[in-house]
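Numbers restart at 1 for each chain; the letters A, B, ... are given by sequence-line order, proteins then strands.
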Amino acid sequence: MTSPRSESQPRPDLAPDPSLGHAEMEALQRDIAGAAVFEDEFGFDPEPLTNPLAASAATATTDTDSAADSPNASQPTVVGVDQSFLTNEAGDQDRALSAVVAMRGGEVVERVHAVTDLKTPYIPGLLSFREGGAILAALESLTVEPDLFLFDGSGRIHFRQAGIATHIGVVRDVPSIGVAKSLLCGRLQGDTDNLSAGTRVAIEADDSVDAPAGTLLGYAVQTRQYDSPNRYINPLYVSPGHRVGPETAADLVLGLAGSYKLPEPVRLADQYASEAKREFLD
DNA sequence: GCGACAG
DNA sequence: ATCTTGTCGC
């Protein structure tokens, strides 16, 4: 009996270990990339998330809630994750605060956060080793079962195809998507200036990426845009984390975007990260 | 040596 | 990530 990828399991053994040397971290990332699935391989129905109209229609049809179940019980639980940092009395960032916001049917169903000591400086390409510990700790206290993770950072758009979204997604074996505000690597296949809302531009692997040149890594996605000239909003750089293909990742980010540029789960996690930080005033 | 770099 | 009010434009 062969074991399809749909039977893959969580890989706590591949968790980001900040005590590793750079070469070892990079080797671990290659293992992560090898274990990652960059195509649709999830068990929930993306329709209510991808199609805003269908979602609101479903919410409006919740008049027959005679049962003791919540209106959106059948909808996927999408979890947004973002970090903020706490400063020492000396003035140094010594702790990371990971904020997690779980949503279902457009409503926040749970919020949890965790704080851990920082053990590694920020190094482009090794972000998951700096923030991964706090993220995994926060996810440990989450009681709802996540169907999808949305991270603030890259997934496959990474030198070794193992950005933070891919790393955490593989360790937990939960479908995940990377949502970055700037491009780490790869080559845009078109102009991204003043894109219309709802449009996307492909991002392919170049020489800096450990993948065949031309490999589709993700998309520059324009969730929001100003109506007229002068100023314009930059796109988001969306890429597969784990078990989600590039096309679907872009569709989901567009569908989960509300009135703001960032998809709602991530925007609220960002907000919560700042809010929780204030209460940690030493 | 040159260039480039998520949060 | 973080330091942060006002300000330009619709």
Side-chain angles (χ1 to χ4, degrees), chain A residues 16 18 22 25-26 29 32-33 80-100 113 115-136 138 149-169 176-188 192 194 197 203 205-210 217-221 224-241 249 253 259 261-263 266-267 269-278 280-281:
Chain A
H22 287 192
M25 290 180 173
E26 296 182 357
Q29 293 185 319
I32 290 291
V81 184
D82 188 28
Q83 286 67 242
S84 63
F85 297 86
L86 303 183
T87 298
N88 204 8
E89 34 273 299
D92 306 316
Q93 296 186 329
D94 63 333
R95 293 155 292 168
L97 187 162
S98 181
V100 173
H113 69 268
V115 176
T116 63
D117 291 328
L118 284 172
K119 298 172 180 174
T120 305
Y122 166 67
I123 297 174
L126 299 178
L127 183 64
S128 65
F129 292 90
R130 176 176 168 79
E131 309 183 346
I135 294 173
L136 290 171
F149 286 149
L150 252 53
F151 292 97
D152 62 314
S154 295
R156 195 181 191 182
I157 296 178
H158 179 276
F159 309 123
R160 291 164 292 282
Q161 306 184 81
I164 195 163
T166 300
H167 202 150
I168 305 301
S176 70
I177 295 172
V179 181
K181 294 181 288 298
S182 59
L183 190 60
L184 174 62
C185 59
R187 180 170 182 271
L188 281 165
T192 56
N194 207 11
I203 297 168
D206 57 13
D207 300 317
S208 70
V209 181
D210 189 354
L217 302 177
Y219 286 98
V221 178
R224 208 88 291 207
Q225 189 53 282
Y226 292 136
D227 296 307
S228 54
N230 293 333
R231 201 165 62 172
Y232 65 91
I233 299 174
N234 293 127
L236 288 174
Y237 299 93
V238 180
S239 58
V253 168
S259 304
K261 170 179 175 175
L262 288 172
V266 175
R267 188 182 70 81
D270 184 84
Q271 196 175 269
Y272 181 39
S274 298
E275 177 187 324
K277 177 179 180 178
R278 296 171 212 158
F280 259 80
L281 301 177

S.K.: To the nearest Å, give me how far apart CZ (A/R278) and C1' (C/dA1) are.
M.R.: 16 Å
S.K.: Would you say CZ of A/R187 has more than 12 non-hydrogen atoms from neighbouring residues, nucleotides or ligands within 6.0 angstrom?
M.R.: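 Incorrect, the count does not exceed 12.
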S.K.: Taking any atom closer than 4.0 angstrom to a non-hydrogen atom of chain A, what span of DNA chain B does the protein reach, first nucleotide to last?
M.R.: B/dC5 to B/dG7
S.K.: Could you check A/I157 against A/I203 for side chain to side chain contact (heavy atoms under 4.5 Å, CB included), going step by step and ending with a plain yes or no?
M.R.: CA-CA 8 Å; A/I157 296 178; A/I203 297 168; 3.8 Å; yes
S.K.: At under 4.0 Å between heavy atoms, what does A/Y122 touch on the DNA or RNA strands: base, sugar-phosphate, or nothing?
M.R.: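 Base: the residue A/Y122, judged by heavy atoms under 4.0 Å, touches a nucleobase.
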S.K.: Just wondering, do A/D210 and A/F159 contact through their side chains at under 4.5 Å, heavy atoms?
M.R.: no
S.K.: Can you tell me how far OG of A/S84 sits from CD of A/Q271, rounded to the nearest 0.5 angstrom?
M.R.: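 So the gap between those two atoms works out to 12.5 Å.
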S.K.: Is there a side-chain polar atom (N or O) of A/K277 under 4.0 Å from OP1 or OP2 of C/dT2?
M.R.: yes
S.K.: Between A/Q225 (side chain only) and A/I233 (backbone N and O only), is there a donor and an acceptor less than 3.5 Å apart?
M.R.: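 Side chain of A/Q225 to backbone of A/I233: a pair is present.
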S.K.: Hey, which of these two, A/D82 or A/D227, hits DNA chain C nearer its 5' end, going by closest nucleotide?
M.R.: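 Checking each residue's closest nucleotide, the 5'-ward one belongs to A/D82.
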S.K.: Could you tell me whether the side chain of A/I168 reaches within less than 4.5 Å of the side chain of A/S176, counting heavy atoms only?
M.R.: no
S.K.: Please map the stems of DNA chain B, keeping only stretches of three or more Watson-Crick or G-U wobble pairs with both distances under 3.5 angstrom.
M.R.: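 Stem list for DNA chain B: none, no run of 3+ pairs.
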S.K.: Could you tell me how far apart A/R231 (CZ) and C/dC8 (C1') are, to the nearest whole angstrom?
M.R.: 7 Å
S.K.: Checking all strands, does A/I157 fall into the base, sugar-phosphate, or nothing category for heavy-atom contacts under 4.0 angstrom?
M.R.: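 Since no nucleic acid heavy atom lies under 4.0 Å of A/I157, the category is nothing.
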S.K.: A/Y232 OH to C/dC10 C1': how many Å, rounded?
M.R.: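 Roughly 19 Å, once rounded to whole Å.
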S.K.: In whole Å, what is the span from the CD atom of A/Q93 to the C1' atom of C/dC3?
M.R.: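 About 11 Å, once rounded to whole Å.
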S.K.: Got a second to check how far A/H158's NE2 is from A/I164's CD1, nearest 0.5 Å?
M.R.: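 Separation between the atoms: 9.5 Å.
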S.K.: Over how many whole Å does the gap from A/Y226 atom OH to C/dC8 atom P extend?
M.R.: 15 Å
S.K.: Hey, mind stepping through A/L97 and A/H113 against side chain to side chain contact (heavy atoms under 4.5 Å, CB included) and telling me if it holds?
M.R.: CA-CA 7 Å; A/L97 187 162; A/H113 69 268; 4.1 Å; yes
S.K.: Go through the steps for A/S239 and A/L217 under the test side chain to side chain contact (heavy atoms under 4.5 Å, CB included), then give the verdict.
M.R.: CA-CA 6 Å; A/S239 58; A/L217 302 177; 5.7 Å; no
S.K.: Mind checking if A/S208 touches a base, just sugar-phosphate, or nothing, with heavy atoms under 4.0 Å?
M.R.: nothing
S.K.: Does A/S182 reach a base, just sugar-phosphate, or nothing at all? Heavy atoms under 4.0 Å.
M.R.: sugar-phosphate
S.K.: For A/R130 and A/Q83, which I'm curious about, is there any donor-acceptor pair between the side chains at under 3.5 Å?
M.R.: no
S.K.: For A/H167, run the ring pair (Phe, Tyr, Trp, His ring centres under 6.0 Å) check against A/F129, A/F151, A/F149 and tell me which one passes.
M.R.: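 The passing option is A/F129.
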S.K.: Report the distance from atom CG of A/N88 to atom C1' of C/dT2, rounded to the nearest whole Å.
M.R.: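 About 15 Å, once rounded to whole Å.
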S.K.: Could you walk me through whether A/R160 and A/L126 pass side chain to side chain contact (heavy atoms under 4.5 Å, CB included), step by step?
M.R.: CA-CA 10 Å; A/R160 291 164 292 282; A/L126 299 178; 4.0 Å; yes
S.K.: Indicate, with a heavy-atom threshold strictly under 4.0 Å, whether A/L97 touches base, sugar-phosphate, or nothing.
M.R.: nothing
S.K.: Dot-bracket for DNA chain C, please. Rules: Watson-Crick or G-U, both distances under 3.5 Å, ( ) within the strand, [ ] when a pair crosses earlier ones, | for another strand, . otherwise.
M.R.: ..........
